Amino acid sequence: MTRRTGPETLRRAASPARLLTLAVLPALLPALFLSVLAVPGARAAESAPTVSLSKKEAGKGGEITVSGKGWRGEALLMLLICGQATPERGVIGGTNSCANGTGRAVTTDEKGAFSKRLPVAEPPEPCPCVVHVATVTGEQASADAAFTVAGHPTAELPSRTGGGKLAVLAATRLEGDSSLLTWFGAPPARRLVFTVGNLGPAPVEDPVFEIGTAHGVYAPQWEERQWRGTVAPGARARIALPVELSAGAHGDYQISLRYGKKVLAEQPWGVGRPWGVTLFWVLLCLVVPAAVFRIGMAVVDRIRPRTGGAHRTAGARPGPAVSKGLPRRTTPVARTARSAAAGDADATTAVLPWFTPDSAPSENRPRPTTKGQA
């Protein structure tokens with residue numbers, strides 16, 4: 001016979017311990033769920049970076065002390081006074097709304113704390129203002145503290161445009177060519193061109209993009225670029241943002257485009273080596289030694305003793321003194337072939353005695369007699 005299982009069989013198999021567990025479990029589930037949610041929230045609250053100020057208000061030319069906790073250890077931070085911003089909405093216009101000329105940089109300690117004195121300056125945008133602290137490299141993190149610049153104009157914040165959502169509709173590309181100066185180490189520059197569309201129900205006004213440049217295995221370095229214009233809901237716009245590398249940059253680079261916290265596109269960029277710099281150093285290594293050699297030879301030729309000229313001067317006999325009253329002997333106009341061939345070299349030899357035609361040795365010599373003559 002086969003045994004059939006039914007409700008009565010299950011009730012018989014159920015033990016009192018199982019019944020007690022099933023009765024207590026529904027009451028414990030809400031508490032366990034709340035504890036699981038509360039622990040990550042508490043950890044996030046503890047690790048969130050904070051900023052505090054020594055003064056809430058100061059005038060231009062003053063100075064305040066900015067302190068912070070909860071930041072990443074040994075991280076490089078940037079401190080700025082920005083206008084048209086609140087801690088709730090952040091810096092609306094990006095760093096273009098900040099007093100970048102008086103900003104300061106600080107490095108946190110091992111525990112993620114810092115303290116830095118910051119001069120007070122008027123930002124380019126009206127208040128409400130904040131002291132904006134953000135990481136420069138590594139994982140992005142930022143925090144704002146409300147601050148009032150005394151005597152600076154105040155204006156209302158622009159209306160929210162949170163309903164807008166931008167997306168890249170076409171492939172990005174880099175436009176522009178390198179100039180002759182780039183071949184000699186000037187910073188390479190291009191324009192990142194892309195087309196975006198607004199997929200949200202609200203318009204997007206003056207969006208602030210971020211351009212990141214990465215080389216090799218290093219993390220990208222982000223720079224803010226603001227585009228002036230409005231993208232209506234359902235509309236598209238063609239945007240061109242400048243991209244510039246450091247002087248002498250070469251190799252393979254990765255250009256990234258980010259809006260908000262989302263990376264919209266990436267574009268590779270191969271930068272050629274500046275061979276003009278190499279040519280310059282090669283010529284410098286050749287020209288400088290040659291010039292030094294020529295200068296050294298000229299100095300040696302200038303300071304060496306004149307041994308040959310001194311010997312000739314010492315060996316020559318002094319000529320006879322000529323009286324002032326006697327007339328100077330002139331050189332005959334017609335010279336013989338032998339004296340012309342000798343040239344000026346005869347001037348250094350001793351002067352031979354002069355003979356007149358009557359007293360020449362050839363005239364006084366006896367003539368030979370012919371055969372048969374007495």
Side-chain angles (χ1 to χ4, degrees), residues 76 78 80 82 90-98 100 103 124-125 132 134-142 161-162 164-200 202-274 276:
L76 181 61
M78 174 182 59
L80 297 171
C82 305
V91 183
I92 298 176
T95 55
N96 293 331
S97 304
C98 305
N100 299 313
E125 299 292 340
H132 179 69
T135 56
V136 178
T137 59
E139 184 180 355
Q140 297 292 319
S142 61
T161 57
K165 183 179 179 181
L166 296 181
V168 176
L169 303 180
T172 60
R173 63 183 183 275
L174 292 172
E175 292 184 353
D177 297 324
S178 299
S179 62
L180 182 61
L181 296 178
T182 307
W183 202 65
F184 286 94
R190 294 289 189 276
R191 290 183 304 162
L192 183 63
V193 181
F194 56 95
T195 302
V196 297
N198 188 359
L199 307 180
V204 178
E205 297 180 359
D206 299 338
V208 178
F209 298 93
E210 289 182 289
I211 302 295
T213 56
H215 181 55
V217 297
Y218 295 99
Q221 302 293 328
W222 298 96
E223 295 183 1
E224 293 182 349
R225 297 286 188 271
Q226 187 174 16
W227 181 73
R228 297 291 182 179
T230 302
V231 184
R236 62 175 62 188
R238 182 179 180 273
I239 300 176
L241 301 177
V243 181
E244 184 175 347
L245 303 179
S246 59
H250 62 277
D252 295 330
Y253 284 81
Q254 187 78 12
I255 309 301
S256 303
L257 175 67
R258 186 170 67 179
Y259 179 69
K261 296 182 179 181
K262 182 180 179 182
V263 178
L264 300 181
E266 292 181 349
Q267 178 70 28
W269 184 10
V271 184
R273 182 180 295 273

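Keep in mind it's a predicted model, so treat the numbers as computed, not measured.
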Listed partners of [X] passing salt bridge (Lys or Arg N to Asp or Glu O under 4.0 Å), at least two apart:
X      : result
Arg191 : Glu175
Glu224 : none
Glu210 : Arg258
Arg225 : Glu223

Without swapping roles, check the side chain of [X] against the backbone of [Y] for a donor-acceptor pair under 3.5 Å.
X      : Y      : result
Asp206 : Arg228 : no
Asn100 : Thr95  : yes
Thr135 : Ala141 : yes

[atom1]/[X] to [atom2]/[Y] distance, rounded to the nearest 0.5 angstrom?
X      : Y      : atom1 : atom2 : answer
Leu169 : Thr195 : CG    : OG1   : 7.0 Å
His132 : Cys82  : NE2   : SG    : 6.0 Å
Arg190 : Trp269 : CZ    : CH2   : 5.0 Å
Met78  : Cys98  : CE    : SG    : 7.5 Å
Asp177 : Thr182 : CG    : OG1   : 10.0 Å
Ile92  : Glu205 : CD1   : CD    : 11.0 Å

What are the two closest non-hydrogen atoms of [X] and [Y], and how far apart are they?
X      : Y      : result
Asn198 : Pro203 : ND2-CA, 3.7 Å
Ala202 : Pro233 : C-CG, 3.6 Å
Ala237 : Val231 : CB-CG2, 4.1 Å
Ala170 : Val168 : O-CG1, 2.9 Å
Ser97  : Val91  : CB-CG1, 4.3 Å

Determine whether [X] and [Y] make a side-chain contact, defined as any pair of heavy atoms from C-beta on separated by less than 4.5 Å.
X      : Y      : answer
His250 : Pro274 : yes
Pro207 : Leu166 : yes
Ile239 : Val193 : no

Checklist entry - Please walk me through it: do Leu257 and Val263 pass side-chain contact (heavy atoms from CB on, under 4.5 Å)? => result CA-CA 6 Å; Leu257 175 67; Val263 178; over 6 Å; no

Next on the checklist: I need the full list of ring-ring contact (aromatic ring centres under 6.0 Å, His included) pairs touching residues 203-228, with sequence neighbours left out, sorted by first then second residue.
Outcome noted: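 Listed once each, the pairs are Phe194-Phe209, Phe209-Tyr259, His215-Tyr253.
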
Checklist entry - Which is it for Leu192 and Leu174 under the side-chain contact (heavy atoms from CB on, under 4.5 Å) test, yes or no, and what are the steps along the way? => result CA-CA 5 Å; Leu192 183 63; Leu174 292 172; 3.8 Å; yes

Item to check | Residues forming a side chain to side chain donor-acceptor pair (under 3.5 Å) with Thr172, sequence neighbours excluded | outcome: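 Counting only residues at least two positions away or on another chain, Thr172 forms a side chain to side chain donor-acceptor pair (under 3.5 Å) with Gln267.
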
